[in-house]
Amino acid sequence: MNNLPKEIALIIDALCVEGDRCAEAENYETAIAKYEEAWNLLPPPHNQWPAATWILMSIADSYFALDQSETAIEFLLDAIEFPDGEDNPFLYLRLGQCLYDTNQLDDAAKALEEALRLGGEQMFEGEEPRYLLFLKNHLKVMKIAPPSNRFNRPLS
């Protein structure tokens with residue numbers, strides 16, 4: 001992967017810092033606009049830049065804060081496919097939360113389990129307890145009755 005040209009990297013970084021300040025002030029719409037401005041400065045193809053992963057994650061996090069989980073899911077799924085996304089526990093945590101909030105419970109359990117595997121239980125600190133409770137209950141059920149493929153094969 002190449003590095004971004006220094007002048008573009010500085011502008012993108014400044015826009016993301018502004019976006020982060022807006023998000024901290026709970027001004028999520030403005031934060032999203034700043035992150036999108038930074039996104040638009042990335043030279044194509046976007047998936048060559050690690051900064052793209054962070055920008056997508058920041059946009060998704062803002063949509064999550066706005067209770068727009070379905071929109072956040074789109075950005076999170078993209079971010080996971082970008083550089084270093086597949087190893088980022090926060091992406092899976094936020095994806096699992098959004099999937100849970102949109103009642104996609106099987107996928108939510110998988111994403112939250114991946115967050116736990118990659119980042120440990122501390123990933124859930126400061127988050128609403130319902131997500132970790134859901135995951136723990138899911139893992140208990142899976143220990144009692146692990147999935148089988150007996151229903152996925154033809155009768156003989």
Side-chain angles (χ1 to χ4, degrees), residues 1 4 12-13 15-17 19-29 31-36 38-39 42 44-156:
M1 256 178 279
L4 281 168
I12 288 173
D13 188 53
L15 287 166
C16 289
V17 167
D20 292 346
R21 283 190 192 126
C22 292
E24 287 172 18
E26 299 182 9
N27 188 351
Y28 300 109
E29 292 89 357
I32 291 168
K34 293 296 179 187
Y35 298 135
E36 287 176 343
W39 175 264
L42 288 172
H46 290 96
N47 64 353
Q48 69 179 314
W49 309 113
T53 308
W54 292 97
I55 293 168
L56 290 171
M57 182 171 60
S58 298
I59 292 170
D61 196 39
S62 293
Y63 277 116
F64 175 75
L66 289 169
D67 293 322
Q68 295 181 26
S69 290
E70 287 184 17
T71 303
I73 289 169
E74 295 173 34
F75 286 97
L76 291 163
L77 290 173
D78 284 343
I80 288 171
E81 298 299 320
F82 278 56
D84 304 321
E86 69 280 351
D87 297 324
N88 187 315
F90 181 79
L91 288 173
Y92 288 100
L93 172 68
R94 195 59 87 223
L95 178 61
Q97 292 169 319
C98 290
L99 290 164
Y100 177 89
D101 290 346
T102 58
N103 208 31
Q104 300 175 58
L105 300 182
D106 288 339
D107 291 335
K110 289 175 193 169
L112 291 171
E113 190 172 353
E114 188 67 6
L116 181 66
R117 185 185 73 74
L118 290 171
E121 201 165 312
Q122 66 267 19
M123 287 302 305
F124 293 82
E125 290 175 9
E127 302 294 330
E128 288 187 33
R130 64 188 169 126
Y131 301 112
L132 184 57
L133 181 62
F134 164 74
L135 178 59
K136 285 182 176 182
N137 286 332
H138 170 76
L139 292 174
K140 276 187 207 170
V141 168
M142 296 308 288
K143 278 185 180 177
I144 295 169
S148 73
N149 6 342
R150 72 176 188 194
F151 298 113
N152 294 330
R153 61 178 193 251
L155 296 173
S156 41

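The analysis underlying the following values was restricted to heavy atoms, covering all of them including side chains, and did not include hydrogens, waters or symmetry mates.
Going from atom SG of C98 over to atom CG of L77 covers 9.5 Å, rounded to the nearest 0.5 Å. How far CG of L132 is from CD of E125: 10.0 Å, rounded to the nearest 0.5 Å. Taken to the nearest 0.5 Å, the CE atom of M57 stands 11.0 Å off from the CD1 atom of I80. Rounding to the nearest 0.5 Å places CH2 of W39 at 8.5 Å from CZ of F75. The distance from atom CD1 of I59 to atom CD of E74, rounded to the nearest 0.5 Å, is 11.5 Å. Rounding to the nearest 0.5 Å gives a distance of 7.5 Å between CG of D67 and CG of D101.
In terms of heavy atoms, M123 sits closest to L93 at O-CD2, 3.2 Å. Nearest heavy atoms, A79 versus L91: CB-CD2, 3.7 Å. Across every non-hydrogen atom of I55 and C16, the tightest pair is CG1-SG, 3.8 Å. L118 and E86 get closest at one heavy-atom pair: CD1-O, 3.9 Å. Smallest separation of non-hydrogen atoms from R117 and E114: NH2-OE2, 2.5 Å. Listed here is the closest heavy atom pair of A31 and S62: CB-OG, 4.0 Å.
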**Study point:** E128 and L133: CA distance, side-chain angles, deciding distance, side-chain contact (heavy atoms from CB on, under 4.5 Å) verdict
**Key:** CA-CA 9 Å; E128 288 187 33; L133 181 62; over 6 Å; no
Pair E81, N47 - check side-chain contact (heavy atoms from CB on, under 4.5 Å), show working. CA-CA 8 Å; E81 298 299 320; N47 64 353; over 6 Å; no
Practice item. Would you sort out whether E113 and K110 count as a salt bridge (Lys or Arg N to Asp or Glu O under 4.0 Å), showing the intermediate values? Key: CA-CA 5 Å; E113 190 172 353; K110 289 175 193 169; over 6 Å; no
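No more than 12 heavy atoms of other residues, nucleotides or ligands shown are found within 6.0 angstrom of CD on E70. More than 12 heavy-atom neighbours from other residues, nucleotides or ligands sit within 6.0 angstrom of CD on E127.
Side-chain contact between L116 and F124 is present, with at least one heavy-atom pair separated by less than 4.5 Å. Between L56 and D78 there is a side-chain heavy-atom pair separated by less than 4.5 Å. Between N88 and W54, some side-chain heavy-atom pair lies under the 4.5 Å cut-off. I73 places a side-chain heavy atom less than 4.5 Å from the side chain of L95. Within the 4.5 Å cutoff, the side chain of W49 has no heavy atoms near those of the I12 side chain. A heavy-atom distance below 4.5 Å is found between the side chains of F64 and S69. Side-chain atoms of I32 and L66, non-hydrogen and from C-beta on, do get closer than 4.5 Å to each other. Side-chain contact between D61 and Y28 is absent, with no heavy-atom pair separated by less than 4.5 Å.
Side chain of Q48 to main chain of P44: a donor-acceptor pair is present (N/O by atom type, distance under 3.5 Å, no hydrogens or angles).
Every pair passing ring-ring contact (aromatic ring centres under 6.0 Å, His included) that includes a residue from residues 100-122 is listed here, sequence neighbours excluded: Y100-Y131, Y100-F134.
Residues E24 and R21 are not paired through a salt bridge, judged by the lack of any N-O separation under 4.0 Å between the basic side chain and the carboxylate.
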